[in-house]
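Here's the structure we're looking at; comments come further down.
Bear in mind that the values here come from a model prediction, so they are computed numbers and not experimental data.
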Amino acid sequence: MAILQGKYWLGGDVIRVLAIWGVMFIHVVQVGLYNPTEIGWSWWSINVTQSLFIWAVPAFFIISGMLLMGFQNNQETWSDFYRKRLPKVGIPLIVWGSIYMPLEFRWNLSKTPTEIWHDFWIGQISWHLYFLLAIIGLYLLTPWLRLWLAKLSQTQQAFAIAGIFTLMAILEIFQVMNGIFLWNIATQWIPDLGYYLFGYYFIRYQSERIPIIQYLCLFFIGLLGNVSGKYVECITTTHSNGYFYSTNYNSVSTIPLAIGCFGILVYITESVSEQNLVVKWCKFLTPSVFGIYLIHVLILRELHYSLAIPFSTNALTGLIETALLFPLCLFCVYLLGLIPFGDSIVGFNTLSFLRHGGNRMKSPPYFTNT
């Protein structure tokens, strides 16, 4: 991989853009997936397509683990690490949390202040801001995780990561069976620790990487489990599809599906050329991915609420809506990137980006710019 040689990782841009598209699609169709009027071809199309995109959020954690755990600056103190990275996530969390929490009363008229504060306490701010809480927790732990992993052999690291995934899958089953939620604002990082450490392992032992056939096996096993599991739940229960899919992405089917998809994508994008048109577009769009993640739920839910548009009930309309939502979110990120301190809010400075001609290759290597 180019990243191992200190070069710009073009495949990382492709994966990030595909991942943000996947996150948006999941949110576009989740109402139709969880609350179907009937189990027909429309629901099946959402079920299968959503399962094909379920790797998206885990991919962001894996990439973070690759870049922050896999490449260490021995001259960087823990205080420097925190000073450089925590504000980039903490400030957006405060700003967007302050925006999304009051809007819940507008979008969901049945919500009470007590329920809103409960959602805040368990870290479920809107549909997506739990991600920032998880990243902050993982950032805080990163210097100590580095020290811990340095004491383990490769085999011990593999067993530790597999053990974490196994424990998370068991806890996921326990939560669903007992109707409880174990995590809160201080512990949102725990469910995603396995993916974060897998990112480290993936890049650390890239020279001994898993053959693609094994990633394909994980993908198909996970896909079959995810699709069939959601169907079984829909016809046997009245609650959400929590067993095979949850916001923590630790179900027994999602873990192999997410890892399989990520490994396959790395293989596919490993030798992409900078002259490839798709690669050029992904490279252009990548700096705005974080901002799109932050703002897309606001635009999506506000459009559906204001215009009284029903949420997509089949994959085709979901993909079309995602395609329309993407440029709208991109435009809003560019606008916010123009205001003072806009880069602190959406992680994007439009004027700086335009001065460089949208060319990220003029920035430091990919992993040092995280």
message: Under the criterion ring pair (Phe, Tyr, Trp, His ring centres under 6.0 Å), I'd like the reasoning laid out for Phe61 against Phe131: C-alpha separation, chi angles, the key distance, then a yes or no.
response: CA-CA 9 Å; Phe61 287 110; Phe131 176 83; 4.9 Å; yes
Give a yes or no answer on whether the side chain of [X] reaches the backbone of [Y] with a donor-acceptor pair at less than 3.5 Å.
X	Y	value
Glu115	Thr112	yes
Trp55	Ile259	no
Thr317	Asn314	yes
Trp127	Gln124	no
Tyr195	Tyr249	yes
Ser251	Thr254	yes
Asn108	Glu104	no
Tyr200	Arg146	no
Gln157	Leu149	yes

message: Quick one about Ser253 and Asn226 (side-chain donor to acceptor, distance below 3.5 Å, no hydrogens or angles considered), yes or no?
response: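 Checked: Asn226/Ser253 side chains pair up, N/O donor to acceptor below 3.5 Å.
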Test item: [X] and [Y] side chains (from C-beta on) under 4.5 Å apart, heavy atoms:
X	Y	result
Phe174	Ile180	yes
Phe220	Leu224	no
Asp119	Lys111	yes
Trp43	Leu33	yes
Leu132	Trp96	no
Ile295	Leu336	yes
Leu257	Cys261	yes
Leu197	Leu145	yes

- request: Could you tell me whether Phe105 atom CZ has more than 12 heavy atoms of other residues or ligands within 6.0 Å of it?
  value: yes
Do [X] and [Y] land in one hydrophobic cluster if side-chain heavy atoms of ILVMFWY residues count as linked below 4.5 Å?
X	Y	result
Tyr267	Tyr205	yes
Phe341	Val89	no
Leu167	Tyr201	yes
Leu319	Val48	yes
Leu265	Val272	yes

Side chain to side chain donor-acceptor pair (under 3.5 Å) between Asp80 and Thr77, intermediate numbers included: CA-CA 5 Å; Asp80 289 335; Thr77 65; 3.1 Å; yes
message: Run Asp13 and Arg16 through salt bridge (Lys or Arg N to Asp or Glu O under 4.0 Å) and show every step you take.
response: CA-CA 5 Å; Asp13 286 347; Arg16 282 190 174 187; over 6 Å; no
At their closest point, which heavy atom of [X] faces which heavy atom of [Y], and how far apart are they?
X	Y	answer
Ile125	Met101	CG2-CG, 3.8 Å
Pro102	Ile99	CD-O, 3.4 Å
Gln188	Ala134	O-CB, 3.6 Å
Val227	Ser51	CG2-OG, 3.6 Å
Leu10	Ser273	CD1-C, 4.2 Å
Gly123	Leu133	CA-CD1, 3.5 Å

Distance in Å, [X] [atom1] paired with [Y] [atom2], rounded so as to fall on 0.5 Å steps:
X	Y	atom1	atom2	result
Ile190	Leu182	CD1	CG	9.0 Å
Thr142	Leu147	OG1	CG	11.0 Å
Ile345	Ile94	CD1	CD1	11.5 Å
Arg83	Lys88	CZ	NZ	10.5 Å
Met69	Leu138	CE	CG	9.5 Å
Ile136	Leu86	CD1	CG	7.0 Å

message: For the aromatic rings, using the six-membered ring if either is Trp, is the centroid distance between Trp21 and Phe25 under 6.0 Å?
response: no
task: Determine, step by step, whether Trp183 and Gln175 satisfy the side-chain contact (heavy atoms from CB on, under 4.5 Å) criterion, reporting the C-alpha distance in whole Å, the side-chain angles of both residues, the deciding distance to 0.1 Å, and the verdict.
output: CA-CA 10 Å; Trp183 318 118; Gln175 289 186 107; 3.8 Å; yes
task: Starting from the C-alpha separation in whole Å, work towards a yes-or-no answer on side-chain contact (heavy atoms from CB on, under 4.5 Å) for Glu274 and Lys283.
output: CA-CA 9 Å; Glu274 189 179 350; Lys283 185 178 171 186; 3.1 Å; yes
Verdict with supporting geometry, Phe311 and Val28, side-chain contact (heavy atoms from CB on, under 4.5 Å): CA-CA 7 Å; Phe311 281 88; Val28 164; 5.8 Å; no
- request: Mind running side chain to side chain donor-acceptor pair (under 3.5 Å) on Ser64 and Tyr139 for me, showing each step along the way?
  value: CA-CA 9 Å; Ser64 295; Tyr139 279 4; 5.3 Å; no
task: Just do the side-chain contact (heavy atoms from CB on, under 4.5 Å) check on Val289 and Leu285 with the steps written out, would you?
output: CA-CA 7 Å; Val289 163; Leu285 293 170; 5.5 Å; no
task: Hey, can you tell me if Phe262 and Phe198 have their rings parallel, tilted or perpendicular (30° and 60° cut-offs)?
output: perpendicular
- request: Output, in order, the C-alpha distance, side-chain angles, deciding distance and verdict of side chain to side chain donor-acceptor pair (under 3.5 Å) for His296 and His27.
  value: CA-CA 9 Å; His296 79 277; His27 289 149; 2.7 Å; yes
field: Worked verdict on Tyr334 versus Phe348 for ring pair (Phe, Tyr, Trp, His ring centres under 6.0 Å)
entry: CA-CA 8 Å; Tyr334 283 173; Phe348 184 82; 5.2 Å; yes
message: If you apply the rule ring pair (Phe, Tyr, Trp, His ring centres under 6.0 Å), what do you find for Phe120 with Trp117, and how did you get there?
response: CA-CA 5 Å; Phe120 170 78; Trp117 282 109; 5.5 Å; yes
